[in-house]
Amino acid sequence: MENEIGNNFLRRIIRNDVESGEVTKVVTRFPPEPNGYLHIGHAKSIHVNFELAQEFSGVCHLRFDDTNPEKECQEYIDSIQEDVRWLGYEWHGEIRYASNYFEQLYEWACDLVDQGLAYVCDLSPEESREYRGTLTRPGVDSPYRNRSSSENRDLLERMRQGEFDEGSRVLRAKISMASPNINLRDPVLYRIRKHEHHQTGTSWVIYPSYDFAHGQEDAIEGITHSICTLEFEDHRPLYDWFLDHLPISNRPRQFEFGRLNTSYTITSKRKLGQLIEKNIVSGWDDPRMPTIAGMRRRGFTPNAIRKFCEMIGTTRSDGVVDVAMLEHAIRDDLNENAPRAMAVLRPIKLVLENLPETYCEEFQAPCHPNRPELGTRKISFSRELYIDEDDFREEANKKYKRLVIGKRVRLRNAYIVQANRVERDADGNISIVYADLIPDTLGSDPADGVKAKGVIHWVCAKTASRASVRLYDRLFNHPSPDKGDLNFLDFINEESIGILEEAMVEASLTQATPEQAFQFEREGYFVADRYDYSADNLVFNRVIGLRDTWQKIEEGV
RNA sequence: UGGGGUGUCGCCAAGUGGCAAGGCACCGGGUUUUGAUCCCGGCAUUCGCAGGUUCGAAUCCUGCCACCCCAGCCA
């Protein structure tokens, strides 16, 4: 297994711990705050935590770090659980909540107070900021720093009783205002928030801070390896400080890895929220969103997302992963697993004039060219077909391998045809191409030896169904839309969605199920929309196009 | 100018003193009833830079440079 997915520093650390007997049962956790939808960056974290636990026969918890009721709600709790499950992971035991431990956390706070290691501070938020100092200047002790334990205890209890206003007091650890690590300058442990909590209702008006909660939550749950992202590295001394000074026997240890950044993508919850507010996208699950829900609706598979996470590795360096890698992951999965079908996105009619009006034939076409075990599906063929307007030109150079007047082309899974002439509509656009079917070319080359240059897809006009096809593309046209001073809103790709209402698809596609993915041959991978697809309202989303070297050639000319 | 990190091909990433894996992207060629897939080949004399130690350094030492994170009663 380790050869399969390579090596990384976390795996090495855990392996050492297990081999040395330091750790007997590996326990990790994925600890999201329920204040938004999960995105591709979370997927990496989920993957890291669950896979590591699995690899070492351990377990992984799902814990909601719900210490800030103002930003959290049940909708997010529900969506997060759904997304984790959809990705294919099952957490160990019940869902955990930081709020399950509020009483214990409070007791520990009292403990610190009794030890003279925490105090109630009456500084306002503004004053507090001034006393904290700056990156280069040490902080100054709060005038309330030396209150007696009993006074602190009294004040803390009254904070809990709701006697004081929000912002008027906090409980702080007494560490050092001169620490070069700003997180150690008497950090806040509890703040007053008279806000209903989605889990605990109105039973609390004071809430623990992240720093005071996280390590202790880990200890309570017996977490052995607490894995988080790099920005928490400066908090580790504090994480350890609480464990050192509280009556806790478990020793979880924190390790940090580099957050995922992907080109042409933003993952800031605030900014993603703005896209929704400004109606640039339809919601958290818009198929262009980098959220798990969005990617799911777009047609990504859990398998592809997991593969992607393996591909990018886990390190302590922070870089930007090319979104092309993500695109590769989904193409790779769908190429292997998606059944093929034919769909004409921009139809023009092809009439085979040498066939009788009533001509009708049926073929069995393989569902997958490289996997015969996936079976076949029935496709029908008649005098009138639809082909894509891009697949016909009245004249073209020899690089163009599709249908041209006087030339031949193979109809995928069917006969070779030769174009004769066109008919135009009132606007002068080609509306019908007339052609002849070359007899006896089903599964073999023409008797006259004149082969077809290329292959195009088609659908039978008699049996095809109209479908709505949504062509999605990258949401941004800049590789780092929110880097530095850039405003991501300036780089919205206006062509990130294109809706084709008149696509024509082969009859078998009326039998799809929502979220089923197909390769529309020569076009790309498409998925039946999770919500809007039904047998009488065919709606497909383009997940990703096929690799297109022809387009490169054309653009290069 | 304080503290904590990171620097290996365009991107991700192995490598942990013995002579630069792999993937993505890209470029050639072959197969092909998808201009797809697949297959074959190419793609870092060099590891941020400069010194030093060593028979030997991406790996050890010294100095420098660049970039990221931290001054929420957010997580």
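Throughout, a chain's letter reflects where its sequence line sits, starting with A, and its residues are numbered from 1. The analysis underlying the following values was restricted to heavy atoms, covering all of them including side chains, and did not include hydrogens, waters or symmetry mates.
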Colleague: With the side chain of A:R191 defined as its heavy atoms from C-beta on, choose the nearest nucleotide among B:rU37, B:rC74, B:rC70.
Modeller: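 Out of B:rU37, B:rC74, B:rC70, the nucleotide with an atom closest to A:R191's side chain is B:rC74.
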
Colleague: Does B:rG3 have its OP1 or OP2 closer than 4.0 Å to a side-chain nitrogen or oxygen of A:S179?
Modeller: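 No, outside the criterion.
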
Colleague: Quick one: which of B:rA36, B:rG7, B:rG3 gets closest to the side chain of A:D234?
Modeller: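 From the listed options, B:rG3 comes nearest.
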
Colleague: Using the P atom in both, what is the distance from B:rU59 to B:rG41, to the nearest Å?
Modeller: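 Here B:rU59 and B:rG41 have their P atoms 32 Å from each other.
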
Colleague: With respect to the phosphate group of B:rG3, does any side-chain polar atom (N or O) of A:R185 fall under 4.0 Å of OP1 or OP2?
Modeller: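 No.
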
Colleague: Ignoring backbone atoms, establish whether A:S209 has a side-chain N or O less than 4.0 Å from OP1 or OP2 of B:rA75.
Modeller: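 So the side chain of A:S209 is outside the cut-off, no N or O lying under 4.0 Å from OP1 or OP2 of B:rA75.
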
Colleague: Kindly point out which of B:rG35, B:rA71, B:rG15 is positioned nearest to the side chain of A:Y400?
Modeller: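 Out of B:rG35, B:rA71, B:rG15, the nucleotide with an atom closest to A:Y400's side chain is B:rG35.
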
Colleague: Using centres under 5.5 Å plus planes under 30 degrees as the test, is A:W550 stacked with B:rG35?
Modeller: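 The base of B:rG35 is stacked with A:W550 (centres under 5.5 Å, planes under 30°).
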
Colleague: Are A:R522 and B:rG35 close enough that a side-chain N or O sits under 4.0 Å from OP1 or OP2?
Modeller: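 The answer is yes; a side-chain N or O of A:R522 sits under 4.0 Å from OP1 or OP2.
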
Colleague: Please assess A:E521 against A:Q519 for the test side-chain hydrogen bond (donor to acceptor under 3.5 Å, both in side chains), listing each intermediate value before the final yes or no.
Modeller: CA-CA 6 Å; A:E521 287 189 291; A:Q519 184 198 97; over 6 Å; no

Colleague: Please state whether the phosphate of B:rC26, meaning OP1 or OP2, lies under 4.0 angstrom from any side-chain nitrogen or oxygen of A:K552.
Modeller: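 Yes, A:K552 has a side-chain N/O under 4.0 Å of OP1/OP2 on B:rC26.
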
Colleague: Indicate whether OP1 or OP2 belonging to B:rG7 is found under 4.0 Å from a side-chain N or O atom of A:S317.
Modeller: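 No, outside the criterion.
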
Colleague: Can you tell me the base-pairing partner of B:rG51? Count Watson-Crick or G-U wobble geometry only, both distances below 3.5 Å, and say none if there is no partner.
Modeller: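 Check on B:rG51: paired to B:rC61, both distances under 3.5 Å.
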
Colleague: Does A:R132 make a side-chain N or O approach to OP1 or OP2 of B:rG72 shorter than 4.0 Å?
Modeller: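 Yes, within the criterion.
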
Colleague: Check this one for me: any side-chain N or O of A:H457 less than 4.0 Å away from OP1 or OP2 of B:rU34?
Modeller: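 The answer is no; no side-chain N or O of A:H457 sits under 4.0 Å from OP1 or OP2.
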
Colleague: B:rU45 and B:rC39: how far apart are their P atoms, nearest whole angstrom?
Modeller: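 So the two P atoms sit 28 Å from each other.
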
Colleague: If you check every side-chain atom of A:D322, which of B:rC70, B:rC11, B:rC73 has the closest atom?
Modeller: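 So the side chain of A:D322 is nearest to B:rC11.
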
Colleague: Using atom P of each nucleotide, how far apart are B:rC26 and B:rC47 to the nearest Å?
Modeller: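 One P to the other, the span is 28 Å.
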
Colleague: Between B:rU6 and A:R316, is there an OP1 or OP2 to side-chain N/O distance shorter than 4.0 Å?
Modeller: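 Yes, A:R316 has a side-chain N/O under 4.0 Å of OP1/OP2 on B:rU6.
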
Colleague: Can you tell me how far P in B:rC11 sits from the matching atom in B:rA44, rounded to whole Å?
Modeller: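 My reading of the P atoms in B:rC11 and B:rA44 gives 15 Å.
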
Colleague: Taking the P atom of each, how far is B:rG5 from B:rU46, in whole Å?
Modeller: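 Per the computed distance, 31 Å lies between those P atoms.
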
Colleague: What about A:R547: does its side chain form a donor-acceptor pair under 3.5 Å with the base of B:rU34?
Modeller: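 There is none.
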
Colleague: For A:Y97 together with A:F64, are the ring centres under 6.0 Å from each other?
Modeller: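 Yes, the ring centres sit under 6.0 Å apart.
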
Colleague: Tell which nucleotide pairs with B:rG10, taking only Watson-Crick or G-U wobble pairs whose two distances are both under 3.5 angstrom.
Modeller: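 By the stated definition (distances under 3.5 Å), B:rC24 pairs with B:rG10.
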
Colleague: Tell whether A:R402 reaches the base of B:rG35 with its side chain through a donor-acceptor pair below 3.5 angstrom.
Modeller: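 It does, because a donor-acceptor pair links the side chain of A:R402 to the base of B:rG35 below 3.5 Å.
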
Colleague: Could you measure between the two P atoms, the one in B:rG56 and the one in B:rG18, and give it in whole Å?
Modeller: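 About 15 Å, rounded to a whole number of Å.
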
Colleague: When you check the gap from the basic side-chain N to the acidic O, do A:R522 and A:D388 get nearer than 4.0 Å?
Modeller: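 No.
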
Colleague: Between B:rA25 and B:rU37, how far apart are the two P atoms, rounded to whole Å?
Modeller: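 Nearest-Å result for B:rA25 against B:rU37 at atom P: 9 Å.
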
Colleague: Could you measure between the two C1' atoms, the one in B:rG35 and the one in B:rU31, and give it in whole Å?
Modeller: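 These two C1' atoms come out 14 Å apart once rounded.
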
Colleague: Judged by each residue's nearest nucleotide on RNA chain B, which is more toward the 5′ side, A:K483 or A:E70?
Modeller: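 Mapping each residue to its closest nucleotide by heavy atoms, the 5'-most match is A:K483.
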
Colleague: Please determine whether a side-chain nitrogen or oxygen atom of A:R137 lies at a distance below 4.0 Å from atom OP1 or OP2 of B:rG3.
Modeller: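 No, no such contact exists.
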
Colleague: So is A:R193 actually on top of A:Y207's ring, under 6.0 Å and inside 45° of the axis?
Modeller: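 No - A:R193 does not lie over the ring of A:Y207 by the 6.0 Å and 45° rule.
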
